[in-house]
Amino acid sequence: MGPKHDFSGAHVLVTGGTSGIGAATAAGFLAAGAEVTITGTRGSAAEYDDDLSAYRYLQLDIENTDQIDAVAAALPRLDVLVNSGGFALPSIGLDEWEPEVFDRAVRMLLTGAFRIARRSVDLLAQSVVPGGGSVISIASMSSFFGIPIVPGYGAAKTGIVGLTRTMAVHWGARGVRANAVAAGLTRSRMTAGTFAEEAWTAPSIARTPLGRLGEPEDISEAILFLASPAASWITGQTLVVDGGYTVSG
């Protein structure tokens, strides 16, 4: 059983909320009483296998500036923004060492997160929920060390850590907090192939003090904490949630 949060009356936007960490986060906020909007790349919620009827759904390709603007304009109010959209491009067979693919990774994972936060901050600054308005972004182990297959993803996720600090400093006077969660290897559609290969997972588990890989709920629980009143004096921080992988030799 995880901690209990009360987000009654809060309005939450989770980009990439149709699967993986985003879906678990959206479900967590919904269970805690929030009104939750999720985004996905498909035209409607009905195009997904999962039942998404409990959420408001907006189409968003996080690489598309016009769609980012449209999503922000469609929000009547906002208390929590969770930047969970995007994925590692090698998972669809693209090589991030190619400059055009590298650029796309950074545009998706860093510039997209900046744009949606920048377009949403005026609403977040009007939040009256306990703890105030909050931006929470998803960082990664690749924010702290190099993973050769994902130079673009790693650069973008490293940028998320710096962007989080800067947003915290710039928007703190407006009552808006900014934090990030650096997720370890966590089960999702993007990592399904990795989880299926013991040659990949065994070394990671062997290095992880807690002896297992992550589940989406491990990350979502940390996100809900950072958005909650319990974290009302926490901003500019990146919380590592990885079972101890980064502190193990």
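These numbers were taken from a predicted model, which means no experiment stands behind them.
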Run the numbers on Tyr153 and Met108 for side chain to side chain contact (heavy atoms under 4.5 Å, CB included), then give the verdict.
CA-CA 9 Å; Tyr153 183 93; Met108 177 198 307; over 6 Å; no
So do Arg56 and Leu75 actually touch side chain to side chain, heavy atoms under 4.5 Å?
yes
In terms of heavy-atom contacts, does CD1 of Ile149 have more than 12 from other residues, nucleotides or ligands at under 6.0 Å?
no
Checking side-chain contact (heavy atoms from CB on, under 4.5 Å) between Thr37 and each of Val12, Val71, Leu13, which is the one that passes?
Leu13
Would you mind reporting whether Asp122 and Arg174 have side-chain heavy atoms less than 4.5 Å apart?
yes
Of Ile116, Ile138, Ile62, the residue whose pairing with Asn83 passes side-chain contact (heavy atoms from CB on, under 4.5 Å)
Ile116
Sequence neighbours left out, what pairs pass ring pair (Phe, Tyr, Trp, His ring centres under 6.0 Å) with at least one residue falling in residues 210-235?
none
Heavy-atom side-chain contact between Val150 and Pro90 under 4.5 Å
yes
Would you call Thr186 and Asp218 a side-chain contact if the rule is heavy atoms closer than 4.5 Å?
no
Starting from Val121, can I reach Val169 by hopping between I/L/V/M/F/W/Y residues whose side chains sit under 4.5 Å apart?
no
What residue pairs, at least two apart or across chains, pass ring pair (Phe, Tyr, Trp, His ring centres under 6.0 Å) with a residue in residues 9-40?
Phe7-Phe29
Show your reasoning for whether side chain to side chain contact (heavy atoms under 4.5 Å, CB included) applies to Thr65 and Arg115.
CA-CA 8 Å; Thr65 301; Arg115 283 185 177 277; 3.6 Å; yes
For Arg77 and Gly9, the nearest pair of non-hydrogen atoms, with its separation, is NH2-O, 3.1 Å
Ignoring hydrogens and geometry, is there a side-chain-to-backbone donor-acceptor pair from Asp79 to Ser127 under 3.5 Å?
no
If we only count heavy atoms from C-beta on, is the Tyr57 to Thr18 side-chain gap below 4.5 Å?
yes
